[in-house]
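Heavy atoms only: backbone and side chains are in, while hydrogens, waters and symmetry mates are out. Each chain gets a letter, A, B and so on, in the order its sequence line appears, and its residues count up from 1.
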Amino acid sequence: MRQISFAVALNEALKEEMRRDPVVFVAGEDIGKMGGLFKVTQGLLEEFGAGRVLDTPISEAAIAGLGVGGALVGTRPVIEFQFLDFITIAMDQIINHAAKLRYMTGGMVSVPLVIRAPVCGGIGLGAQHSQSLEAWFVHVPGIKVVMPATPRDAKGLLKSAIRDDNPVLFLEHRRLYAATGEVPSGDHMVPLGTAEVKREGSDVTVVATGRTVSLALAAADRLSEQAIKIEVIDLRTLKPFDMQTISNSVGKTNRVVVVNDGWRTCGYAAEIVASIQSECFYDLDFPVQRVCNKDAPMPAAAALERSLMVSEEQIVAACSAAMSS
Amino acid sequence: MRQISFAVALNEALKEEMRRDPVVFVAGEDIGKMGGLFKVTQGLLEEFGAGRVLDTPISEAAIAGLGVGGALVGTRPVIEFQFLDFITIAMDQIINHAAKLRYMTGGMVSVPLVIRAPVCGGIGLGAQHSQSLEAWFVHVPGIKVVMPATPRDAKGLLKSAIRDDNPVLFLEHRRLYAATGEVPSGDHMVPLGTAEVKREGSDVTVVATGRTVSLALAAADRLSEQAIKIEVIDLRTLKPFDMQTISNSVGKTNRVVVVNDGWRTCGYAAEIVASIQSECFYDLDFPVQRVCNKDAPMPAAAALERSLMVSEEQIVAACSAAMSS
Amino acid sequence: MCLIRAFEREIHVLNKDGLVSGTAHLYIGMEAIAVGACAAMADGDFLTSTHRGHGHCIARHLDPARMMAEILGRSDGYCRGKGGSMHITDRSKGVLGADGIVGGGIPIAVGAAYGLRLMNKSSVVFCFFGEGASNQGSFHEALNLAAIQRLSVVFICENNQWALSAPFVATTAGGSVAKRAAAYGIVGEEVDGNDIDAVFAAATRAAGRAREGLGPALIECQSYRWEGHSIFTRQEIRQQEEIDDWKRRDPIERCRRKLIETQMASAEDLALIETEVGAEIARAAEFAKSSPNPDESSALEDIYA
Amino acid sequence: MCLIRAFEREIHVLNKDGLVSGTAHLYIGMEAIAVGACAAMADGDFLTSTHRGHGHCIARHLDPARMMAEILGRSDGYCRGKGGSMHITDRSKGVLGADGIVGGGIPIAVGAAYGLRLMNKSSVVFCFFGEGASNQGSFHEALNLAAIQRLSVVFICENNQWALSAPFVATTAGGSVAKRAAAYGIVGEEVDGNDIDAVFAAATRAAGRAREGLGPALIECQSYRWEGHSIFTRQEIRQQEEIDDWKRRDPIERCRRKLIETQMASAEDLALIETEVGAEIARAAEFAKSSPNPDESSALEDIYA
Ligand SMILES: Cc1ncc(C[n+]2csc(CCOP(=O)(O)OP(=O)(O)O)c2C)c(N)n1
Ligand SMILES: Cc1ncc(C[n+]2csc(CCOP(=O)(O)OP(=O)(O)O)c2C)c(N)n1
Ligand SMILES: [Mg+2]
Ligand SMILES: [Mg+2]
C-alpha cells in the first residue's frame with residue numbers, strides 16, 4: 001500500500017470531505033495561502049476558494065464563534081487553532097457553547113464542528129506552545145476527543161469527525177506530522193470510539209495515546225528481547241473511549257501501564273487508571289502504572305524538555321516494574 | 001465560640017488581610033457598591049476605597065490580566081469571577097501566564113494572585129452557571145487549588161491564600177455561603193496543603209471536597225445507625241493535596257469512597273482514585289468508589305438538576321457497597 | 001410590546017409563587033428595541049439573544065406558553081426544561097438562542113452569518129447584546145471579523161445604562177458604543193431605543209445595506225430596564241429618581257400616544273389588544289403551570305460524549 | 001539600533017549552526033520603534049514585550065550575552081534556559097517579559113499600571129504589541145480598562161504590515177490601529193516607525209501625559225520586518241518588491257544619515273560604534289556558546305503545585 005505522511009493524510013481527509021460536502025469549510029490563522037504552519041491545509045485555498053478556506057484575524061474567540069455559529073445554521077466548520085495552547089482564549093465558546101448547546105436546547109440544535117489543533121512539546125517552543133490539554137476536554141460533557149497515532153488513523157478519524165453531528169476536538173501531535181505510514185486511498189474511514197490493539201501480547205497491557213503509541217511499540221520490541229510480551233492498545237478516541245478493549249486485554253494480562261503525554265496530575269491517564277481499577281479490580285496483579293509527562297510547564301532548553309517528556313525508557317521501566325511481582 | 005456564615009468568614013478574611021497589607025486589593029464585577037453577588041466583598045469599598053476595591057467592566061480576560069500584572073509589580077490582587085464558568089474567557093491569562101511565569105522565567109518573578117469564584121449548581125441557573133472545573137486547574141502545573149467546606153476553613157484558607165506567593169484558585173461552593181459554623185476570631189489561619197479528618201472511623205474512608213464534606217458527614221451519621229464507622233477526610237486543598245492523610249486512613253479502613261461534585265470523567269476524583277490505587281494498592285479490599293456529579297451539562301429544571309448532583313444517598317450507597325465484600 | 005410587558009409581569013407573579021426555576025432577567029422598559037428591530041427581519045433571518053432574551057423571543061413570535069413552560073422548568077418548554085429563562089431557543093423561528101454568557105452570542109452571530117453566506121443565503125443575522133457586553137473581547141473580535149468579511153450582521157446594542165450594578169459611564173470608555181463602530185470601519189448609529197419607529201428605521205436601513213452586501217452595522221439603542229437586574233439579583237443600587245424619570249419615557253405609552261395621534265389606531269383598538277394580550281398570557285401561564293416536570297430520565301438524554 | 005541588528009544577525013548565524021533552542025522572531029527593520037520608545041522610559045517604568053521581543057530587551061539595556069544564552073537554552077540565560085527567545089524577562093530592568101501569546105501581554109501591562117498606581121508610583125508601563133494582536137479581544141478589554149481607569153500605559157503597536165502570513169488590510173477592519181483609540185476616548189497617534197525621532201517624540205508625549213494623570217495613549221508605528229516570520233517559520237509569501245521597498249527605508253541608515261547631516265556625529269564616530277557593537281556581539285556569542293546547558297535537575301525547580 002502507498003505510504004504517506006500524517007500531514008498529507010490529514011490534508012487528503014480535508015480535501016475529500018470538502019469535495020463530498022459543499023458545506024464543509026475550514027477556518028483559522030495562516031491556513032490559506034500558507035497552507036497552515038504544518039501544511040495540513042495546503043492546496044485547499046487553491047481548490048476551494050477563499051469562501052471555504054478562511055484566513056482569519058488573530059482572534060481565537062471569534063474563530064471558535066465562527067465554528068459554533070456556522071454549525072448552528074447548517075454548515076460543517078473545521079476550525080484550526082495554530083497551537084492548542086491558544087484555545088485558552090476560546091474556551092467559553094467551546095465549553096459553554098459548542099459542548100452544551102445540544103443539551104441545553106433539549107436536543108433542538110446540534111453543533112457539527114471539528115476543532116483541529118497540534119499538541120505537545122518536543123520542539124523547543126517553551127511553555128506556551130507545548131501543552132496537551134486533552135484532559136480538560138475529556139472532562140467536559142458534550143465534546144468528543146480524538147487523537148490519532150498513525151497516518152491511516154489520522155485520515156480515517158478526521159473524516160469521521162467531519163461527518164459527526166457533534167463537536168469533535170481533533171488533536172494532532174506535532175512530532176507526528178512527518179511520520180509516514182500506509183494509508184488506503186479512497187474513502188477510508190475509522191469510526192470514532194473504537195480503540196485498536198496495535199500489538200498483541202499476554203504479559204502487560206500498555207494503553208497509549210497519540211505519539212506515545214509508537215514509543216510503546218518500540219518499548220514492546222525491546223521487552224520482547226527479554227521474552228516479555230506487551231500488548232499495545234491505541235485508544236485513538238479519548239472520549240468516548242473504548243473500555244471494552246481495555247478490559248478484554250487486562251483480563252488476559254493482569255498488568256497495565258497507561259501512557260499519555262499530557263501532565264500526570266488529573267490528566268487523561270488518571271481517568272484510565274480510575275476506570276480500570278473500578279472495572280478490572282479483581283483482575284489486577286499489580287498497581288496500574290502511569291507514565292506521563294512530568295508536572296511542569298515545558299522548558300525551552302532541549303535537554304530539560306526531554307527530561308520531562310514520556311520516553312521509551314520510562315515505558316520499558318514501567319512494564320518491567322509491572323512484571324516484577 | 002461565635003458562629004458566622006461562610007460568606008461572612010470570607011469577608012472577614014478579606015478585611016483582615018487588606019488591613020494588614022496595603023498592597024492587597026480586590027477586583028471584579030459588582031464587588032464594590034454591591035458587595036458581590038454573594039456578599040463576600042460587602043463593606044470593602046466603604047472601608048478601603050475605590051483604589052483597592054475595583055468594580056471592573058465585564059471583561060474577564062482583562063480582570064485576569066489585572067491580577068497577573070498587578071502581582072508582577074508587587075501588589076497582591078484578589079480577583080473575583082462572578083461564576084467560575086466565566087473564567088473560560090480568561091484561561092489564557094491564568095494558565096499561560098499566572099501559572100507559568102515563575103517557572104518560565106527561571107524563578108525570577110512570582111505571581112501572588114488569588115482567584116476567587118463560586119462553583120457548582122443547585123440553584124437552577126443552568127449549564128453556563130453551574131460548573132465546578134477544579135479538575136482543569138489541578139491538571140495544570142503552577143496553580144494551587146483550594147476548596148473549603150466550612151466557615152472556619154474558608155476564613156483560614158483564604159488568609160493563607162492571600163499570603164501565598166503563588167497563584168491560588170479559591171473555589172467557593174454556592175450553596176455553602178449561607179452555612180454557619182464556629183470561626184475563631186482574630187488571625188485564624190489554615191495552612192494550604194493539609195487535609196483534615198472531619199470524622200474518625202475504621203470501616204470506610206470517605207475522601208470529600210467542598211460541599212460534599214457535609215453530605216459525607218450526614219451519610220456517616222446514617223451509616224452509624226448500622227454500626228458502620230465512616231472516616232471523613234476533607235481535603236481542603238485540592239492541589240497540592242495531602243496524600244499522607246489519605247494513605248494513613250486507607251491503611252486502617254481498606255475501603256475508600258471518593259466524593260467530588262465536579263463531573264466524573266477525567267474529574268478530580270479520578271486523580272484521587274488513581275493516586276490511591278498506586279500508593280495503597282495492597283491495602284485495598286474493594287475497588288475505590290467514585291461518587292461524582294453525572295457527566296452532563298447542568299439542566300435548569302430543579303428535578304433534573306438534583307438527579308445529576310452528588311447526594312447523601314449516593315454516598316451511603318457507595319459506602320454500603322464498599323462494605324459488601 | 002404589550003405582550004412582552006404582560007409576559008414579564010406574569011413572570012414576576014410566577015416567581016412570587018416560587019414557580020420559576022432559577023432566574024429570569026426582565027425586559028420591561030426595553031420593549032421597543034426587540035419589537036422595532038425584529039420587525040425589520042425577513043423570513044430566513046436569524047437572531048442571537050442574551051440573558052435578557054424574552055423580548056426578542058416574543059418579538060419573533062415564539063409561543064409565550066412554551067416560553068413560560070421553559071422558564072418554569074417544565075417538559076413543554078422550548079428546551080424541555082433544560083435551558084430555563086437564559087437559553088430559550090427556537091431554531092425554526094430563527095432564534096439561535098438566548099445566552100447566559102455576557103457577550104457569548106456575538107461571535108456566534110458572526111459565525112451564523114458566515115455559514116449562511118456560504119450556503120448562498122441572503123439572510124441577515126440580528127445580534128442583540130447589552131452595553132455591558134460591549135466591553136468583552138468577544139465584541140471586538142466579532143465586529144472586526146464581521147467587518148473584514150462584510151458579513152450580514154446587524155449588531156444591536158441594548159444600552160439600558162446599567163450592567164448589573166455597573167453604570168455605563170463607569171465601565172465603558174469613550175462613552176459611546178455606537179462610536180466604536182468606527183474602529184472597524186462600519187456604520188454606527190445611536191437611536192432612541194424607546195422609540196419603536198426609530199429602532200425599526202435604523203434596523204431596516206442596516207439590514208437593507210447588509211442584504212446589498214455592504215456588510216455589518218452597529219446600532220446602539222438607548223433605553224432602560226425598569227426592574228432589578230434579575231429576579232435572582234433584585235438588590236437595587238440605582239437612584240429611584242432615575243428609574244422614575246425613565247418610566248416617564250415608557251416606550252409603550254409613547255407608541256400608544258403616537259398611534260392615536262396619527263389615527264393609526266383608536267383607543268378602543270388598543271384596549272382590545274390589551275384584552276387579547278391579557279387572555280393570551282393567562283392561557284400561557286395556565287399551560288405552563290399544568291405542564292409536567294420533565295422526567296428524570298431525560299437528564300441523561302442528548303449526551304454523546 | 002545597530003546592536004539590535006547585529007544581535008539578530010548573530011541569531012541567524014547561531015541558528016544555521018543548529019544552536020538555537022526552539023524559535024526566534026527577528027526584529028530587523030523595526031529597530032527604531034524599540035529604541036525610540038524605550039528612550040522615553042524613565043527609571044521605574046516597565047514594559048511588556050512580545051514574541052518578537054529582542055529589540056525591546058536590548059533597548060532596555062539587557063545584557064546581550066545573557067539574552068543569547070537564553071535563546072540557546074543555556075543556564076546563564078535570563079530564564080536559566082527555561083524561557084527561550086519568547087520569554088526573556090528582566091524584572092530589575094523593568095522588562096516584565098516577552099510573551100508567546102499574541103495579545104497576552106496587553107492586559108498584563110494594564111494590571112502592572114494599576115498595581116504601580118496603588119503603590120503610589122508615578123511609573124509608566126510601555127506595552128508593545130503587533131498589529132495582528134490588535135484583533136485580539138485582550139486588546140479591547142485592556143484598552144477599555146486602562147482608559148476608564150486613566151492608567152499610565154503607553155500602548156505601542158508595532159505595525160509591520162504582516163501577522164505571520166496575514167496582511168494587515170486583510171485582517172484588520174477599519175484599516176488603522178491608531179484610530180481604534182477613539183473607541184476608548186484616548187489619544188491615538190500614527191507615526192513613521194522607521195523614524196526614531198518621531199517614535200521618541202510620540203512616546204515622550206504619551207508618557208508625559210500619563211505621568212500627569214491623563215491616562216493611556218495608543219501609538220501605531222508603521223514599519224516592516226525584513227526577515228521571515230521566525231527562524232522556525234521561514235516560508236515567505238510576501239512579494240520581494242515589497243520587502244525591497246521597505247529595506248530602502250532602513251531605519252538605521254536613515255538615522256545615520258540624519259546624524260551626519262545634522263553633524264550630531266561623524267562617519268568615524270558611527271564606524272566606531274559599529275566596531276564596538278561587533279565586538280560586543282562576538283563576546284556575547286562566545287559567552288552564550290560556552291555557557292553550560294542547564295542541569296536536568298533544574299527542570300523540576302520552581303514547581304510549587
Ligand atoms: C461572561 C459573563 N460575565 C458576567 C456575567 C454576569 N452578568 C450577567 S448579566 C450581567 C450584566 C450585563 O450587562 P449588559 O450587557 O449591559 O446587559 P443587561 O443585563 O443590562 O441587559 C452580568 C455582569 C455573565 N453572565 N457572563
Ligand atoms: C494567541 C496566539 N495566536 C496565534 C499565535 C501564533 N502567532 C505567533 S506570532 C503571530 C503573528 C503575530 O502578528 P503581529 O501581532 O502583527 O506581530 P508580528 O509577528 O508581526 O511582530 C501568530 C499568528 C500566537 N503565538 N498566539
Ligand atoms: Mg445593560
Ligand atoms: Mg505584524
Side-chain angles (χ1 to χ4, degrees), chain A residues 60-61 85-97 99-100 103-104 106 126-128 131 133-142 238-239 258 262-282 284 286-290 294-297 299-300, chain B residues 60-61 85-97 99-100 103-104 106 126-128 131 133-142 238-239 258 262-282 284 286-290 294-297 299-300:
Chain A
E60 278 80 7
D85 310 69
F86 311 154
I87 208 170
T88 50
I89 300 175
M91 292 302 285
D92 168 58
Q93 282 298 326
I94 292 167
I95 295 310
N96 291 331
H97 294 88
K100 295 191 177 24
Y103 186 91
M104 282 198 306
Q128 294 174 336
Q131 293 165 92
L133 300 164
E134 58 268 28
W136 284 6
F137 300 89
V138 169
H139 182 49
V140 178
L238 307 192
K239 190 181 190 187
V258 179
W263 289 303
R264 174 187 175 100
T265 301
C266 241
Y268 184 66
E271 174 58 42
I272 301 301
V273 174
S275 293
I276 291 174
Q277 91 90 40
S278 138
E279 310 262 310
C280 317
F281 186 78
Y282 300 101
L284 291 175
F286 195 78
V288 183
Q289 304 290 299
R290 268 193 275 180
K294 298 219 172 61
D295 284 334
Chain B
E60 279 80 9
D85 311 68
F86 310 154
I87 207 168
T88 50
I89 301 174
M91 292 303 284
D92 168 56
Q93 282 298 326
I94 292 166
I95 295 311
N96 291 331
H97 294 89
K100 294 190 178 21
Y103 186 91
M104 281 198 306
Q128 294 174 336
Q131 294 165 91
L133 299 165
E134 58 269 28
W136 284 6
F137 299 91
V138 170
H139 182 49
V140 178
L238 307 192
K239 189 180 189 188
V258 179
W263 289 302
R264 176 188 172 98
T265 300
C266 242
Y268 185 66
E271 174 58 41
I272 301 299
V273 174
S275 293
I276 291 174
Q277 91 90 40
S278 138
E279 310 261 310
C280 317
F281 187 77
Y282 299 103
L284 291 173
F286 195 77
V288 183
Q289 303 291 300
R290 268 193 276 181
K294 297 219 172 62
D295 285 332

TODO: Would you name the heavy atoms of A:Pro141 and B:Asp295 that are closest together and state the gap between them?
DONE: CG-C, 3.6 Å
Open item on the list: Testing the basics here: between B:Asp85 and A:Asn96, what is the closest heavy-atom pair and its distance to 0.1 Å?
Closed with: O-ND2, 3.3 Å
Open item on the list: Main chain of B:Val288, side chain of A:Gln277: is a donor-acceptor contact present, judged purely on distance under 3.5 Å?
Closed with: yes
Task: Shortest non-hydrogen contact between A:Ile95 and B:Gln131, atoms and distance - done: CG2-OE1, 3.5 Å
Open item on the list: If you compare all heavy atoms of A:Pro287 against all heavy atoms of B:Ser278, which two are closest, and at what distance to 0.1 Å?
Closed with: CB-CA, 4.3 Å
Task: Under 4.5 Å from a heavy atom of chain A, the part of B:Leu284 involved - done: both
Task: Closest contact, heavy atoms only, B:Ala127 versus A:Lys100 - done: O-CE, 3.1 Å
Task: For the student: nearest non-hydrogen atoms of A:Thr265 and B:His139, plus distance - done: O-ND1, 2.9 Å
Open item on the list: Which atoms of A:Val258 are under 4.5 Å from chain B, going by heavy atoms: the side chain, the backbone, both sets, or neither?
Closed with: neither
TODO: State whether a side-chain donor-acceptor pair under 3.5 Å links A:Gln128 with B:Asp92.
DONE: no
TODO: Go through B:Ala270, B:Pro297, B:Ala274 and name the one with the most non-hydrogen pairs under 4.5 angstrom from chain A.
DONE: B:Pro297
Task: Contact class of A:Phe286 relative to chain B, heavy atoms under 4.5 angstrom - done: both
Task: Most chain B-contacting option - heavy-atom pairs closer than 4.5 Å, from A:Val140, A:Leu133, A:Ile89 - done: A:Val140
Open item on the list: Taking the side chain as everything from C-beta on, heavy atoms only, tell me whether A:Tyr103 gets closer than 4.5 Å to B:Pro299.
Closed with: yes
TODO: State which residues pass side chain to side chain contact (heavy atoms under 4.5 Å, CB included) with B:Ala90; sequence neighbours excluded, sorted by chain then number.
DONE: B:Glu60, B:Ala64, B:Phe81, B:Ile94
TODO: Under 4.5 Å heavy-atom distance to chain B, tell me which part of A:Tyr268 shows up: side chain, backbone, both or neither.
DONE: both
Open item on the list: Could you check whether any side-chain N or O of B:Trp136 sits under 3.5 Å from a backbone N or O of A:Trp136, counting only pairs where one atom can act as donor and the other as acceptor?
Closed with: yes
Task: With sequence neighbours excluded, residues passing salt bridge (Lys or Arg N to Asp or Glu O under 4.0 Å) with A:Glu271 - done: B:Arg290
TODO: Could you tell me the separation between the CD atom of A:Gln93 and the OG1 atom of B:Thr88, rounded to the nearest 0.5 Å?
DONE: 9.0 Å
